[in-house]
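Single-structure report; data block below.
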Amino acid sequence: MKRIYKYPVTVYRNKKNLSDFPRFLTFIVTFRCNARCIMCDSWKKEKHNELTAEQIKQAFLKLPKLDAVRLSGGEPFLRKDFPDIFESADRILKPFSFFISTNGFLTDRIIDFCAGRNKKTRLNIVISLDGYKEKHDSVRGTAGAWDKAVRTVKELTKYKKQFNCRIIVNQTIVDEECIDHYSKLHDYLKQYGITNNIVMADLATATYKSEAGSVIINDDVKKDKMYVNISADRLYKFFMDFKRDLSKKSLFEKAAKEYYIEGINNRIIHNKKNPNPGCVALNSHLRLLPDGSIPVCQFNSNTIGNLSEQSFNEIWNSDLRKKYRNWVSKCPGCWAECEILPNAVYSGSLAGHILLPKLNRLKK
């Protein structure tokens, strides 16, 4: 299909407001996983209806060009055709940046992929390390998880300039012991020039539950009881320690992480929904499941269509999409890390946060 600027011809002609179209794609390439994480049911899912690499390519051809693409799982590197999927996304969607989330277990496969890809587009490899040594193994439910992930960090560090690759470490906080391990992990990663970002584990989700069917955003999310039960004083100190360690981050990354922890801090400690950006699900942020279907968001697994079976215009202009965009507009809002960044960026809330530093403070 010929394109005008960043959008397919048919989309460009039918719409006056281009801001209504996806700019950020989160594609779960597989639910299969070789870890047994205590905070995720992805590995428990029994049905694995995945599009082939060729079907994924055809689905990408239906989409507008994008600012960023996040490829996730499950464990995306379990797919032997992952390099083909990446190549199609890079060539067709032409994002400025890629984010690939991985547990880092398959070191050789990851290094081979990074070495063989087209290196013009900036690649962000996001590796999970949830604690130091045995603690990480415990959270990931897999013996040797630490050794495998650290081997990947070490190998990527050697070639990150050659690979045009940035290494990001996410530490998922599932209990108070993870907080105790934050400093241990931070000190360990210094030798590789990496700092660990924190992600608070969500107690509620629809996307990664093993049960079939749709799970609408529930009362826990509405009441901001999404996270593990840790005392307010302990959390506040932890957030302050993390904020202190952000000093060497870029302006954007520092602002984004401060924004994220301020939102959690205000919700848990002060019972205030501030900041609270407009949700861009089914708007600037598009999610795609392994079978090509498009869900509403992480907390609502109802789907509005399937990109392998329908045209983008058919799905995007449908009454079903309008119905769920209306649902999104009335949603009280979550504070899940993977939803918040697109919301903050494309709603303009993060820009305001950067321009008004006085809002960017944690209060006890």
Side-chain angles (χ1 to χ4, degrees), residues 24-31 33-35 37 39-40 42 66-79 82-83 85-86 89-90 95-107 109-111 113-114 117 119 121-131 136 139-140 145-146 148-157 159-160 163-174 178 182 185-186 188-189 192-202 207-208 242 245-246 249-250 252-254 256-257 259-261 285 287-288 298 336-342 344-345:
F24 187 103
L25 172 66
T26 296
F27 179 25
I28 299 174
V29 301
T30 183
F31 280 122
C33 193
N34 49 357
C37 302
M39 65 286 191
C40 176
S42 182
L66 299 165
D67 296 334
V69 172
R70 176 167 54 196
L71 301 175
S72 183
E75 172 49 47
F77 286 100
L78 281 176
R79 291 195 60 150
F82 182 76
I85 296 171
F86 179 90
D90 192 20
F96 298 116
S97 188
F98 273 97
F99 295 85
I100 300 177
S101 301
T102 175
N103 57 32
F105 288 9
L106 302 174
T107 303
R109 195 174 288 187
I110 293 169
I111 297 301
F113 159 76
C114 290
R117 78 178 186 97
K119 302 175 185 63
T121 307
R122 182 68 181 269
L123 176 62
N124 300 277
I125 295 283
V126 185
I127 300 173
S128 299
L129 283 174
D130 305 318
H136 176 65
V139 174
R140 293 283 147 176
W146 167 267
K148 294 173 184 177
V150 165
R151 180 179 172 228
T152 298
V153 170
K154 291 177 179 178
E155 290 300 307
L156 283 176
T157 301
Y159 305 109
K160 61 182 180 181
F163 290 164
N164 190 20
C165 168
R166 186 167 70 107
I167 307 162
I168 300 171
V169 167
N170 274 356
Q171 181 187 5
T172 303
I173 306 300
V174 302
C178 284
Y182 168 76
L185 191 55
H186 182 270
Y188 176 82
L189 291 171
Y192 304 112
I194 303 170
T195 57
N196 43 319
N197 293 321
I198 61 169
V199 178
M200 299 297 291
D202 302 316
T207 303
Y208 298 103
F242 176 68
D245 292 333
L246 290 173
K249 299 278 189 182
S250 67
F252 176 81
E253 190 173 6
K254 180 175 183 290
K257 297 310 293 186
Y259 183 97
Y260 172 64
I261 62 170
H285 186 192
R287 283 182 170 270
L288 190 64
Q298 180 179 338
E337 195 265 352
C338 59
E339 299 284 357
I340 285 306
L341 184 57
V345 170

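Note that the numbering runs from 1 along the sequence shown for the chain. These numbers come from the heavy atoms of this one structure, side chains and all, not from hydrogens, waters or symmetry mates.
Separation of atoms CG (Asn103) and SG (Cys33) is listed at 5.5 Å; rounding is to 0.5 Å.
Of the charged side-chain nitrogens involved, none lies within less than 4.0 Å of a carboxylate oxygen, so that Arg109 and Glu75 do not count as a salt-bridged pair. The existence of a salt bridge linking Glu155 and Lys160 is excluded, since no basic side-chain nitrogen approaches an acidic carboxylate oxygen closer than 4.0 Å. Ionic pairing of Arg140 and Asp130 is present here: one or more N-O contacts between side-chain nitrogen and carboxylate oxygen are shorter than 4.0 angstrom.
With 3.5 Å as the limit, one finds a donor-acceptor pair spanning the side chains of Lys249 and Asn197. If you check the side chains of Asn196 and Asn170, you find no donor sitting under 3.5 Å from an acceptor. A donor-acceptor contact closer than 3.5 angstrom links the side chains of His285 and Thr26. Residues Thr30 and Arg79 bring no donor and acceptor atom of their side chains to less than 3.5 Å of each other.
For Val174, the side-chain contact (heavy atoms from CB on, under 4.5 Å) partners are Ile38, Met39, Val139, Thr172, Cys178, Ala201, not counting sequence neighbours. Applying the salt bridge (Lys or Arg N to Asp or Glu O under 4.0 Å) criterion to Arg122, with sequence neighbours excluded, gives no partner residue. Not counting sequence neighbours, the partners of Lys257 by the salt bridge (Lys or Arg N to Asp or Glu O under 4.0 Å) test are Glu337.
Across all non-hydrogen atoms, the minimal contact from Gly131 to Trp146 is O-CZ3, 3.3 Å. When all heavy atoms of Ala336 and Gln298 are compared, the pair lying nearest together is CB-OE1, 3.8 Å. When every heavy atom of Asn34 is checked against every heavy atom of Leu78, the shortest pair comes out as N-CD1, 3.7 Å. In terms of heavy atoms, Arg117 sits closest to Asn164 at NH2-O, 3.1 Å.
Under the 30°/60° scheme for interplanar angles, the aromatic rings of Phe113 and Phe77 are found to stand perpendicular.
Looking at heavy atoms from C-beta onward, Leu341 lies out of side-chain contact with Tyr260 at the 4.5 angstrom threshold. For the pair Val69 and Phe99, the minimum side-chain heavy-atom distance is 4.5 Å or more.
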